[in-house]
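Chain letters run A, B, ... following the sequence lines, proteins first, then strands; residues in each count from 1.
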Amino acid sequence: MSAALEFRQATKNFGRHRALDGLTLALHPGEILGFLGPNGAGKTTAIHLALGFLRPTSGGGAILGKPFGDTAVRSRVGYLPDVSSFYAEGARSAIEFAGKLNGMRNPRLRERARELVARMNLSSAGKDARKFSRGMQQRLGLAQALVNDPEVLILDEPTSALDPAGVMEVRELLRAAREEGKSIFFSSHQLSEVEQICDRIAFLHRGKLLREGQMEQFLEESGRSEVVVRGPILRDFQPYASEAKDEVVRYVVPVLRQRELIEHAWTAGAELISVTPLRRTLEELFLSWSDGGSGEA
Amino acid sequence: MRSVGPIARRLLWQNRWLFLLLALWPFIMAAILLAAGTPDPDDVLWMLHQECFAGLALVAVTGSTLLGNEQRSRRIVTVLSRAVSRPVYLFALLVTAWLPLVLYASGFLLAGVMLARSTHQPWNEVFEMAVLQLLLGAWAGAVSILWSVLLPQLIASLVSVLCVALATYAGSFGFPGASRLFASLISGPAAKRAGADVWLDAVLTLIAAAIWFGAASWVFTRRDLNLAAD
């Protein structure tokens, strides 16, 4: 099956600055791909290349089999920018405008706009979208991205301005979209969101793709175990002891020293309560990748 | 092309008060002239020429600033992330720059006829000037759109108005097409010209406008949007 969105050695220079360096990445049909990276990593540049706002210096890519910049294919794509901008009009009119630009016609368009106003809780938002709160603008931008029932959704920070209830609604909405077979390219700094809904992640650093793979794979690769023991603190493992209460000591040790610790505990007559491989959080991974780029932290 | 209407309507609505104010300009000038009694026909003609230049300058300035405004506000992203090609988008900007001229030319026509009647002059010349304004507005709009693609807003505005002035100057030497029409519109009565020349110049003006617009589309399709990137 061909990729819904694909970058092929995409490179973009702004003068002497290389914003994107040979990005090769694919979004598969029916998946949510978390696109991560620190500020200035080149995430928005990559998205702008995909939508044809920028032209690649070399390389390129395709959306739904059509090269970047193809006008017609954009009617099958939904895009939510990091900052949405609107004309002087109400929510429903703004949604209908986005639909019209994608070739939708009434009565289907009117019906769809009404449905989205209700679904995104925009009915009480006001008459001028430029004066909406940031959260309402983000909801409206998302409604605009969804109006044409797109096959590919490209979302740049879709939950950054939403309240917890809004975040949850968007999460459910994206999960439902995935169930319907839509492919979602999800750029975000809200790592807890990414962790909860993305199937795969790709990490960009200084324009280069540093890591890419299944979310589970990364989170399981912590390389540490939690060993809980009842008994005195083991002298050799004192640096790893994180808590001690009622003679119950919690050690966080590298996997390679786990066996040694357990043997020491038995030798010392301590009682082994539990051994748990530790999962990393996405936040830890993000920080380690951003810092050194090695991911070995 | 069906996207042109919805885009232009929104852009016009954004600047509605400015355009409406400018549409009143010919009436204000007419009121000033009529306030002092029956005006001198030469004064009326001079004022009508100035108003023609102002109308075309309105198109040139509007056309050269629209793209920059839309990029700065990032509303362009709302449009171009949908199934709208860049030439269609530019055409919507051209229509947005030209349509206020229709309003302005209508005001010009009404105020001009009023003045012509007060000085007992034939008003068909005023009508001809209004039509020429609309025709040359397409040329000025296309030129300004091209400069807006190539230059920053302020410089593009100045260069576009300069182009109108230069074309007028070239017309005084008999250059055909838009130049000759500009010269007759701004510095001499168009009615004195031979009918066949006017038609030829009109056709040449539209061809030139199409070439300017084609060049603007060609350049715009091949360049990056000016958006701040992360």
Side-chain angles (χ1 to χ4, degrees), chain A residues 12 14 17 19-20 37-57 69-89 93-94 96-105 130 141 144-145 147-148 154 156-157 187 204, chain B residues 1-20 62 65-93 95-96 99-100 149-150 217-230:
Chain A
K12 181 65 188 175
F14 293 107
H17 172 65
L20 202 61
N39 291 333
K43 303 186 297 296
T44 301
T45 300
I47 290 172
H48 285 180
L49 281 180
L51 291 163
F53 300 159
L54 302 174
R55 291 167 63 82
T57 306
D70 184 275
T71 302
V73 82
R74 288 202 294 266
S75 65
R76 296 158 63 196
V77 175
Y79 170 56
L80 172 69
D82 50 350
V83 180
S84 297
S85 300
F86 304 97
Y87 291 98
E89 59 189 338
S93 175
E96 287 182 6
F97 177 53
K100 274 182 197 159
L101 298 182
N102 276 326
M104 292 176 75
R105 293 288 168 262
R130 295 172 305 172
Q144 284 186 316
V147 66
N148 52 330
I154 299 176
D156 201 349
E157 297 287 350
S187 170
L204 209 59
Chain B
M1 289 298 271
R2 282 193 291 192
S3 306
V4 170
I7 298 169
R9 196 166 63 240
R10 280 161 179 83
L11 288 169
L12 286 168
W13 187 250
Q14 293 271 122
N15 301 300
R16 60 194 180 280
W17 300 118
L18 177 68
F19 293 143
L20 283 173
T62 308
T65 52
L66 278 171
L67 182 63
N69 284 342
E70 292 305 291
Q71 287 192 130
R72 202 176 52 245
S73 68
R74 284 178 153 241
R75 282 190 296 260
I76 194 170
V77 165
T78 304
V79 177
L80 290 183
S81 60
R82 269 89 203 181
V84 179
S85 70
R86 293 203 189 185
V88 166
Y89 181 72
L90 276 193
F91 189 66
L93 297 190
V95 168
T96 306
L99 278 178
V149 171
L150 296 170
S217 298
W218 190 86
V219 174
F220 190 50
T221 306
R222 281 157 185 78
R223 64 173 294 176
D224 293 343
L225 293 187
N226 187 13
L227 302 170
D230 179 13

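- Cation-pi geometry between B/R16 and B/W13 is satisfied (NZ or CZ under 6.0 Å from the ring centre, within 45° of the ring normal).
- Using a 4.5 Å cut-off between heavy atoms, B/V88 makes no contact with chain A at all.
- With hydrogens and angles ignored, the 3.5 Å screen pairs no side-chain donor or acceptor of A/K43 with any backbone N or O of A/L204.
- Heavy atoms closer than 4.5 Å to chain A are found in both the backbone and the side chain of B/I7.
- Most heavy-atom pairs under 4.5 Å with chain A, from the set B/L11, B/I76, B/L80: that is B/L80.
- Distance check, rounded to the nearest 0.5 Å: OH of A/Y79 to CZ of B/R82 gives 9.5 Å.
- In this structure, the portion of A/E89 lying under 4.5 Å from any heavy atom of chain B is its side chain and not its backbone.
- Considering only heavy-atom pairs separated by less than 4.5 Å from chain B, the leading option among A/A98, A/S75, A/A72, A/P81 is A/A98.
- Heavy-atom distances place the backbone of B/S73, and not its side chain, under 4.5 Å from chain A.
- Heavy atoms closer than 4.5 Å to chain B are found in both the backbone and the side chain of A/S93.
- Residues A/D70 and A/R76 are not paired through a salt bridge, judged by the lack of any N-O separation under 4.0 Å between the basic side chain and the carboxylate.
- Within the model, atoms NZ of A/K12 and CZ of A/R55 stand 8.5 Å from one another, a figure rounded to the nearest 0.5 Å.
- Looking at B/R223, the atoms closer than 4.5 Å to chain A (heavy atoms on both sides) all sit in the backbone: N, CA, C or O.
- Interface remark: B/E70 contributes side-chain atoms only to the contact with chain A (heavy atom separation under 4.5 Å).
- Looking at A/S85, its side chain never comes within 3.5 Å of a backbone N or O of B/T78 through a donor-acceptor pair.
- No donor-acceptor pair closer than 3.5 Å links the side chain of B/Q71 to the backbone N or O of B/L225.
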